[in-house]
Structures are given as structure tokens and as C-alpha cells.
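Note that these values count all heavy atoms, side chains included, but never hydrogens, waters or copies made by symmetry. Just so it is clear: chains get the letters A, B, ... in the order the sequence lines come, proteins before strands, and each one is counted from 1.
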2 protein chains.
Amino acid sequence: MSDVFRALDDETRRTILDELAARDGQTLFEICSTLTMRHGVSSSRQAISQHLAVLEAAGLVATERRGRSKFHYFKPEPIAEIARRWPPGKRIDQ
Amino acid sequence: MSDVFRALDDETRRTILDELAARDGQTLFEICSTLTMRHGVSSSRQAISQHLAVLEAAGLVATERRGRSKFHYFKPEPIAEIARRWPPGKRIDQ
DNA sequence: TTGATATGCAAGCTCCCACTTGCGTATCAT
DNA sequence: ATGATACGCAAGTGGGAGCTTGCATATCAA
């Protein structure tokens with residue numbers, strides 16, 4: 001559970017989640033490309049790979065290997081758990 | 001916006017939010033006491049004070065001064081924004 | 001098999017974050 | 001005014017996170 005918050009505490013990892021939420025099932029190289037093209041991110045391949053490992057350990061990304069490629073899928077469940085931990089409607093203030 | 005994720009990436013700060021969500025409007029000393037009593041946390045007063053400053057900068061906690069006491073209130077809005085950024089029902093997988 | 005592709009592992013470096021420590025300030029009771 | 005209470009500021013320290021670098025592994029095409 002604490003891995004989720006640590007994983008989300010990084011701008012590059014949040015951008016990766018945005019990108020996977022838009023186009024699911026990308027490989028590492030595809031993610032590296034789209035991060036450089038569409039978003040202004042220009043990190044190395046190893047950096048992105050380590051970011052994906054952190055996201056996977058947190059349960060925010062699931063992976064599937066086919067051949068020499070590894071496809072990545074966004075899993076929104078851990079984020080829904082965050083919203084359930086601090087629901088907005090417990091108090092009546094503001 | 002990135003301050004919210006950084007603020008949530010700390011076990012003590014998350015416990016403070018839990019505590020304020022349960023009993024809103026506590027002072028710094030009250031928070032120090034309840035953290036030690038109910039939860040197993042035993043941080044110094046200065047540490048808790050700095051944690052509250054981080055939470056306030058992120059918009060997760062609002063404060064109100066009366067006399068020499070400062071009362072702290074939990075604001076769930078930034079967390080609702082997180083849930084809105086990655087909604088669960090965008091895809092049909094899982 | 002050879003070479004290219006796609007990814008993984010591990011050590012080292014730098015920098016930021018949480019915590020401590022010491023002092024300072026404002027408010028209240030006596 | 002004096003002391004006690006409740007909190008704030010700022011410098012210093014230790015540990016962890018992200019990034020790089022270099023090498024290793026596995027898959028596919030020729």
C-alpha cells in the first residue's frame with residue numbers, strides 16, 4: 001500500500017501512467033518514444049525501465065511478455081483504494 | 001499538484017490525515033499525543049510540525065489560529081482530484 | 001551462427017527528504 | 001513583569017531515491 005504513494009511521487013512515473021491510460025499495452029521502447037514526443041520527457045531507457053518496475057511493484061502496472069517484447073497495462077485499482085481511504089463526504093465543511 | 005503526491009508519500013503524514021479525518025480541528029500538541037497513543041507513532045513535536053507544514057502547502061490541511069493555539073482541518077479535495085485524473089472506468093479490462 | 005533487437009541486473013554517484021538541535025516569538029496566567 | 005505554554009525558524013546530519021554506466025541475457029532475422 002505504501003508502495004503506491006511512493007510510485008505516484010514522481011513526475012515521470014505519473015506521466016507514464018497518463019500515457020498508458022491513453023494507449024494501453026505499450027512496450028518499453030514505445031513508452032520511451034511517446035514520452036519524448038508528446039510529453040517533454042527525455043529520460044534514458046534504463047531510467048524508464050526502473051520507473052516501470054516501481055509502478056509494477058505498486059500494482060499500478062501489469063506486464064505481459066511476448067517474445068522479446070514486454071507489454072505494459074495500466075491498473076487503476078490502487079488509485080481507487082486511495083480515494084476510498086479518505087472519502088470526501090465524511091464531513092460537512094467546505 | 002505535485003506537492004500533493006509528495007505529501008502523501010510519507011507514512012507519518014498519512015497517519016496524520018487519518019487522525020484529522022477522524023477528529024478534525026486538533027492542535028499540534030493534540031496531534032502529537034493522539035499519534036503516540038492510538039497509532040504507534042512517536043515523532044518529536046518539531047517533526048510533526050514540519051509534516052503539518054508539508055500537508056498545508058499541499059492543500060490537504062487548512063489551519064486556523066486562535067490565541068497561541070493552531071487548529072488543523074483535513075481538506076479532502078486534492079485527493080478527489082487524484083481519483084479524477086485516473087478514473088477506473090476508462091477501459092474495460094480486468 | 002552471426003548480428004541486431006528488446007530488456008534485465010548491479011554498482012556507483014548525486015541530491016533531496018526527514019529528523020534533530022538550538023534558539024526565537026507570541027500568548028496566557030499569576 | 002515573570003514564568004509557562006504553544007508554536008516557528010534555521011542550520012546540520014544520515015539515509016534513501018533517481019539516474020547513469022557497463023555488462024549480461026534472451027529473442028528474432030539473415
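Separating the CG atom of B:L55 from the C1' atom of C:dA18 is a distance of 13 Å, rounded to the nearest angstrom. B:E11 has its CD atom 17 Å from the C1' atom of C:dC19, to the nearest Å. Taking atom CG of residue A:L52 and atom P of nucleotide C:dA6, one finds them 16 Å apart after rounding to whole Å.
Looking at residues two or more places apart in sequence or on another chain, you find a salt bridge (charged side-chain N to carboxylate O under 4.0 Å, His left out) between A:R84 and A:E77.
B:D10 and B:T12 get closest at one heavy-atom pair: OD1-N, 2.9 Å.
Ionic pairing of A:R38 and A:E19 is present here: one or more N-O contacts between side-chain nitrogen and carboxylate oxygen are shorter than 4.0 angstrom. With salt bridges taken as basic N to acidic carboxylate O contacts below 4.0 Å, none links A:E11 and A:R13.
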Counting primed atoms plus P, OP1 and OP2 as sugar-phosphate and everything else as base, spell out the protein contacts along nucleotides 14-27 of chain D at 4.0 Å heavy-atom distance: B, S or - for each nucleotide, 5' to 3'. ---SSBBB-----B

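Applying a 4.0 Å cut-off to non-hydrogen atoms, none of the residues of residues 25-36 of chain A approaches DNA chain D.
Atom-to-atom distance recorded for B:L55:CG and B:L20:CG is 8.0 Å, nearest 0.5 angstrom. Distance check: A:I48 CD1 to A:I16 CD1 gives 4.5 Å after rounding to the nearest 0.5 Å. For the atom pair CD of A:Q26 and CG of A:L52, the computed distance is 10.0 Å after rounding to the nearest 0.5 Å.
Considering only side-chain N and O atoms, A:S49 lies under 4.0 angstrom from the phosphate OP1 or OP2 of C:dG8. Of the side-chain N and O atoms in A:K70, one or more sit less than 4.0 angstrom from OP1 or OP2 of C:dG8.
Annotation: cation-pi geometry satisfied between B:R66 and B:F71 (NZ/CZ under 6.0 angstrom from ring centroid, within 45° of ring axis).
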